[in-house]
Amino acid sequence: MIKLKSFSSFFVANWKLNGNFKFIDQFISNISLPGDKSKCIVICPTSIHLDYLSRKKTGFYLGAQNISQFKDGAFTGEISADSLQDLNVNFCIIGHSERRKIFYEKDEEIKFKAENLINNNIIPIICVGETLEEKEKGITNEILKKQLKNSVPSSSNSDNTLIAYEPIWAIGTGLTPTTKEIDNTHIFIREHDPKFNKFKILYGGSVKTKNVKEITFLLNVDCVLIGGTSLKLDEFANIIQD
Ligand code: PGA
């Protein structure tokens with residue numbers, strides 16, 4: 001397992017259901033990675049493109065976007081944590097709100113996924129976040145507490161797991177919480193339970209060139225998870241270079 005402690009910041013690109021060989025070739029030939037090796041750049045293509053990207057990668061790490069909650073067996077169409085290890089995958093996003101909402105993933109399932117990843121020396125990036133309705137009701141912290149309690153396994157610690165706070169209403173919408181709200185929520189995640197005191201916490205949801213500096217500058221934000229903007233190669237290159 002790679003050593004999370006050796007990095008000062010993380011930039012995780014979630015390509016979602018986008019990209020193909022041509023896009024990956026363009027990415028590899030155009031991307032200029034930061035000289036600062038304490039910045040950890042993680043690229044998460046579709047599962048089908050992990051192998052292609054893995055053969056070309058230099059200077060960045062590879063992440064998957066999901067895995068099966070099962071280790072092996074009769075589960076047609078699933079991808080195991082064990083098979084990701086064969087491709088030198090170091091990270092895997094789990095519990096993304098799109099998976100929770102569109103594919104009805106539950107906290108319990110996400111917990112099994114995290115356990116499988118840790119057992120295979122892959123860092124789970126466990127996503128949590130509230131809906132707009134929950135935010136408006138003022139129950140964001142309550143929702144996050146429940147998600148963290150039920151989806152983070154007891155084997156998780158600050159050396160083997162990353163947490164991503166992604167307000168669902170900010171994903172792909174161009175909307176973001178204020179920097180004060182982001183900072184406060186990260187403080188809540190870190191302080192509501194001593195287990196999370198030392199965890200590194202990413203922020204995700206409409207991160208762009210124009211707001212990335214003010215977000216990463218926050219004391220309690222260790223890193224960012226970037227969706228749409230990670231597909232715009234010039235913009236992504238700017239973000240990781242700065
Ligand atoms: P976005 O997506 O940057 O396009 O809002 C973030 C994510 O889904 O992780």
Side-chain angles (χ1 to χ4, degrees), residues 9-19 23 27 31 40-47 49-50 53 60-67 89-105 110 113-114 117 122-132 134-135 140 143-144 147-148 151-152 161-179 181-182 185-186 189 199-218 221-242:
S9 57
F10 298 79
F11 294 82
V12 181
N14 177 11
W15 286 358
K16 308 191 182 189
L17 191 55
N18 298 294
F23 177 78
F27 174 81
I31 200 76
C40 179
I41 313 297
V42 184
I43 308 296
C44 308
T46 72
S47 302
H49 293 112
L50 280 167
L53 193 57
F60 59 85
Y61 295 88
L62 206 56
Q65 298 174 16
N66 182 35
I67 52 140
V89 170
N90 295 108
F91 293 85
C92 181
I93 299 168
I94 51 170
H96 189 281
S97 64
E98 286 152 14
R99 301 234 33 108
R100 289 178 186 261
K101 189 168 165 223
I102 306 168
F103 302 98
Y104 308 107
E105 275 186 14
I110 295 160
K113 293 180 182 203
L117 289 165
I122 298 168
I123 310 272
I125 304 173
I126 305 178
C127 301
V128 292
E130 83 284 4
T131 62
L132 187 57
E134 289 159 347
K135 177 184 163 58
T140 297
I143 296 295
L144 297 179
Q147 289 176 343
L148 289 162
S151 57
V152 179
T161 300
L162 292 172
I163 303 292
Y165 168 54
E166 297 209 299
I168 298 168
W169 52 273
I171 297 176
T173 59
L175 303 171
T176 53
T178 63
T179 48
E181 284 174 325
I182 296 174
T185 304
H186 281 225
I189 293 173
F199 273 66
K200 292 201 185 283
I201 308 170
L202 296 76
Y203 167 79
S206 294
V207 173
K208 305 195 184 303
T209 319
K210 65 175 176 6
N211 62 16
V212 69
K213 275 215 179 109
E214 60 182 29
I215 294 172
T216 50
F217 188 69
L218 295 168
V221 174
D222 301 293
C223 23
V224 280
L225 181 48
I226 310 169
T229 304
S230 69
L231 296 163
K232 298 175 187 158
L233 297 186
D234 289 349
E235 217 175 313
F236 183 65
N238 270 336
I239 288 177
I240 60 175
Q241 278 302 340
D242 273 349

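When a ligand or atom number is given, it counts from 1 through the structure's own listing order. Remember, predicted model here, so these are calculated numbers, not experimental data.
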Criterion ring pair (Phe, Tyr, Trp, His ring centres under 6.0 Å) on W15 and F236, from CA distance to verdict: CA-CA 12 Å; W15 286 358; F236 183 65; 8.3 Å; no
Residue pair F60, F27: steps toward the ring pair (Phe, Tyr, Trp, His ring centres under 6.0 Å) verdict: CA-CA 12 Å; F60 59 85; F27 174 81; 5.8 Å; yes
Evaluation steps, side-chain hydrogen bond (donor to acceptor under 3.5 Å, both in side chains), between T179 and E214: CA-CA 7 Å; T179 48; E214 60 182 29; 5.7 Å; no
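Every heavy atom of T229 sits 4.0 Å or more from the atoms of ligand 1. Residue K208 places no heavy atom under 4.0 Å from ligand 1. Not close to ligand 1: G204, with no non-hydrogen atom less than 4.0 angstrom away.
Rounding to the nearest 0.5 Å gives a distance of 7.5 Å between CD1 of I94 and OG of S151.
Side chain of R99 to backbone of E105: no donor-acceptor contact under 3.5 angstrom is found. Checking side-chain atoms of Q65 against main-chain N and O of P45 turns up a donor-acceptor pair under 3.5 Å.
For ligand 1 and H96, the ligand atoms under 4.0 Å from any heavy atom of the residue are 7 (C), 8 (O), 9 (O). Residue contact check: G227 has heavy atoms under 4.0 Å from atoms 1 (P), 2 (O), 3 (O), 4 (O), 6 (C) of ligand 1. If you number the atoms of ligand 1 from 1 as listed, the ones under 4.0 Å from a heavy atom of G172 come out as 1 (P), 4 (O), 5 (O). The contact set between ligand 1 and S206, taken as ligand atoms under 4.0 Å from a residue heavy atom, comprises 1 (P), 3 (O), 5 (O). The distance from ligand 1 to the heavy atoms of G228 drops below 4.0 Å at these ligand atoms: 1 (P), 3 (O), 4 (O). Every atom of ligand 1 is numbered from 1 in the order shown, and the set under 4.0 Å from a heavy atom of E166 is 6 (C), 7 (C), 9 (O). Short contacts between ligand 1 and A170, defined as distances under 4.0 Å to a heavy atom of the residue, involve ligand atoms 5 (O). Heavy-atom contacts of G205 reach the following atoms of ligand 1: 5 (O) (cutoff under 4.0 Å).
Side-chain contact between T216 and S9: absent, with no pair of heavy atoms (C-beta onward) separated by less than 4.5 Å.
Considering backbone and side-chain N/O of K16, one or more are found under 3.5 Å from N/O of ligand 1. No N or O atom of I171 sits closer than 3.5 Å to an N or O atom of ligand 1.
Using a 4.0 Å cut-off between a side-chain N of Lys or Arg and a carboxylate O of Asp or Glu, E98 and K16 qualify as a salt bridge.
Atom CD1 of I102 has more than 12 neighbouring heavy atoms from other residues, nucleotides or ligands inside a 6.0 Å radius.
Residue contacts with ligand 1, taken as heavy atom pairs separated by less than 4.0 Å, involve N14 solely via side-chain atoms from C-beta onward.
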